[in-house]
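Read through the structure below, which is laid out as C-alpha cells, and then see the notes.
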Number of protein chains: 2
Amino acid sequence: MTRKPASVRRQDLVEAGLRVIAREGMHGATVRAIVAEAGVPLATFHYIFASRDEMIGAAYAYISEVPGTGAALPEDASVEDVVRASFLRWFERFLEHPEYELAIMEIMAYCSRTPSLAHLPGKVQEHYLEALGELLDHVREQLGITAPAMPTREVATLVLHATDGLTYAWLRTRDSEASRRWIEAVVPMLAAALGDER
Amino acid sequence: MTRKPASVRRQDLVEAGLRVIAREGMHGATVRAIVAEAGVPLATFHYIFASRDEMIGAAYAYISEVPGTGAALPEDASVEDVVRASFLRWFERFLEHPEYELAIMEIMAYCSRTPSLAHLPGKVQEHYLEALGELLDHVREQLGITAPAMPTREVATLVLHATDGLTYAWLRTRDSEASRRWIEAVVPMLAAALGDER
DNA sequence: CTCCATCTCGGACGGCTGTCCCAGACGGCA
DNA sequence: TGCCGTCTGGGACAGCCGTCCGAGATGGAG
C-alpha cells in the first residue's frame, strides 16, 4: 500500500464512506465496507478515526463544504425567470445523484440521534443558509433589486425549506414530473419574495 | 404470558417497534429491543413476522393510517386565518413528539433502500395527499370557496411539501421560533392557493 | 372429555459488528 | 548511514445480530 499522510487517508476514507452510504445506506456502511471501498486494511480505519461515529461526523461536515450551484444569468431575465432557472438547475443536479440526498438525510438522522454528533445538523443548516444568502444577494445585485420584499436571510430560509420539501417528497415518490409541476407553482412565490416590494 | 391471537400480537409489536424507533432510532431498533418493549419473548417475533423487514414495512404502513388533524373552524374566519390556525395546530402537535417524525423519516429511508419495501413510501405519500385533499375540500366548503385558484390536489401537494420542508429543517435546527416565523411567511401563499381566484 | 390448531418460549446457531493489539515496513532527518 | 516517528496490516476479541428449532402450554370445537 502506498504510504500516505494521515490527513490524506482521512479524506480518502471520508469520501469512500460517503460513496458507501449513498450506495448501501447507513445500514450497510460498516467499517469493513468502507475500508474495502477505500482499498485500505481494516486497522487503518481506527488509526485515522477513534470511532466509526467520528468518521460519520467528519463525513457530514465534509458535505456542507461542497460548493453550491454557481449561476450564469441571461441578459434580460425577469426575477421569475432567474428563480425558475436556478431552481430547475438545482433539481436537475439533484436528479443526477438522488441517492446522495437520501444519504445526507440518513446521516442527518443518525447524527441527531448520537449525542456526540447532535450539534452537527444545526451547523450544516447554518452553512446552507449562509451559502444561499450569498447566492441570493449576488442575484439581487445582478437584477438591480434595491427594495427587496423580504430580507435575504428570510428568502434563503424559504428556498431551503422548498428544497427540503422537494427532497423529502421526491424520495418517497420518485416522480420527477410531479416535482417539476410543483416547482412551477412555487417559483412565482419565491420570485415575489426575492424581488422588489409590491 | 396472556394468550393473544396473532393479529393482536402483530399490532402490539408494530406499536412497540414504532416506540423503539422513535426513542432509539432505526439503528437501535433491534428485534430484541422491540420484543423487550412489547414484553414478549424473542421467538414470538418470528412467529408473527417472517423477518424484521416485514415488521418495518408493517410499521410504515401503520403510520399512514393514523388520522390527520380534524379542524373546528371559528365563525367568521378568513382563508388566511384558517390556514394559519390549521398549520400551527399541526406544528404544535409535531412539537409534542418530534422524535416520531424523525422515526418516520428514518423508516422512509430504510424502506426506499430495501427492495421488498421500496414501494411503500410512494403509497404513504399517496395516502397523505388523499387525506389532505379531503381536509382541504372540507375547509373550502365551509369557507364558501367556489372558484378555487388551484385544484385541490395541487394545493395538497403544496401543503405536503411545506410540512415536509418544515420537518426536515426543524429536525436539523430544533429552532421552533424560526419555524413559526417561516410559517407566518408561508401562510399567505398557501391561503392564496386555497382561496378563490384573484 | 378429547383433540388439535394456535400460541408460548428457552435456547442455540453462524455470521457480522466495532474495536483493539502489536509486530513490522517505510522514509525523511540528523 | 542510522534512527525514530509515522504509517501499514494481519489477526483476534467479546458482543450483538437476525433467524430458527422443537418441546410444551393453552383453550375452543366436536
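Just the heavy atoms: all of them, side chains too, but no hydrogens, waters or symmetry mates, feed the values below. The chains referred to below are lettered A, B, ... by the order of the sequence lines, with proteins before strands, and numbering in each begins at 1.
Comparing atom distances between the R3(A) side chain and each of dT8(D), dC7(C), dT6(D) picks out dT6(D) as nearest. Distances from the side chain of R9(A) to the nucleotides dC9(C), dT8(D), dC20(C) place dT8(D) closest.
Summarising the geometry, atom OG1 belonging to T152(B) is positioned 11.5 Å from atom CG belonging to L129(B); distances are rounded to the nearest 0.5 Å.
Under the 4.5 Å side-chain criterion, counting only non-hydrogen atoms from C-beta, H27(A) is not in contact with T114(B).
Whole-Å rounding puts the E54(A) CD to dG18(C) C1' distance at 14 Å. dT8(D) atom P lies 15 Å from atom CZ of R10(A), rounded to whole Å. To the nearest angstrom, C1' of dG18(D) lies 17 Å from CD1 of I48(B). For Y47(B) and dG22(D), the OH to C1' distance is 14 Å, given to the nearest whole Å. For R52(B) and dG18(D), the CZ to C1' distance is 9 Å, given to the nearest whole Å. At whole-Å resolution of the value, CG in D53(B) and C1' in dT19(D) are 12 Å apart. Following rounding to the nearest Å, F45(A) (CZ) and dC21(C) (P) show an atom-to-atom distance of 17 Å. We find that CD of E24(A) is positioned 11 Å from P of dT17(C), with the value rounded to whole Å.
Both A29(A) and L42(B) lie close to DNA chain C; mapped to their nearest nucleotides by heavy-atom distance, the more 5′-ward contact belongs to L42(B). For the pair R32(B) and K4(B), nearest-nucleotide mapping onto DNA chain C gives the more 5' position to K4(B). Nearest-nucleotide assignment on DNA chain D puts the 5′-proximal partner with A43(A), out of H27(B) and A43(A).
Using a 4.0 Å heavy-atom criterion, one finds that S7(B) contacts no nucleic acid atom at all.
A salt bridge is absent between E92(B) and R89(B): the closest approach of a Lys/Arg side-chain nitrogen to an acidic carboxylate oxygen does not fall below 4.0 angstrom.
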**OP:** Check the pair R93(A) / E96(A) against salt bridge (Lys or Arg N to Asp or Glu O under 4.0 Å), numbers first and verdict last.
**Re:** CA-CA 5 Å; R93(A) 183 160 304 192; E96(A) 287 172 24; 5.5 Å; no
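For dT17(C), the OP1/OP2 oxygens have a side-chain nitrogen or oxygen of T30(A) closer than 4.0 Å. For H46(A), no side-chain nitrogen or oxygen approaches OP1 or OP2 of dC20(C) to under 4.0 Å.
Remark: R52(B) is not positioned above the aromatic ring of F49(B), lacking an NZ or CZ atom under 6.0 angstrom from the ring centre and at most 45 degrees off the axis.
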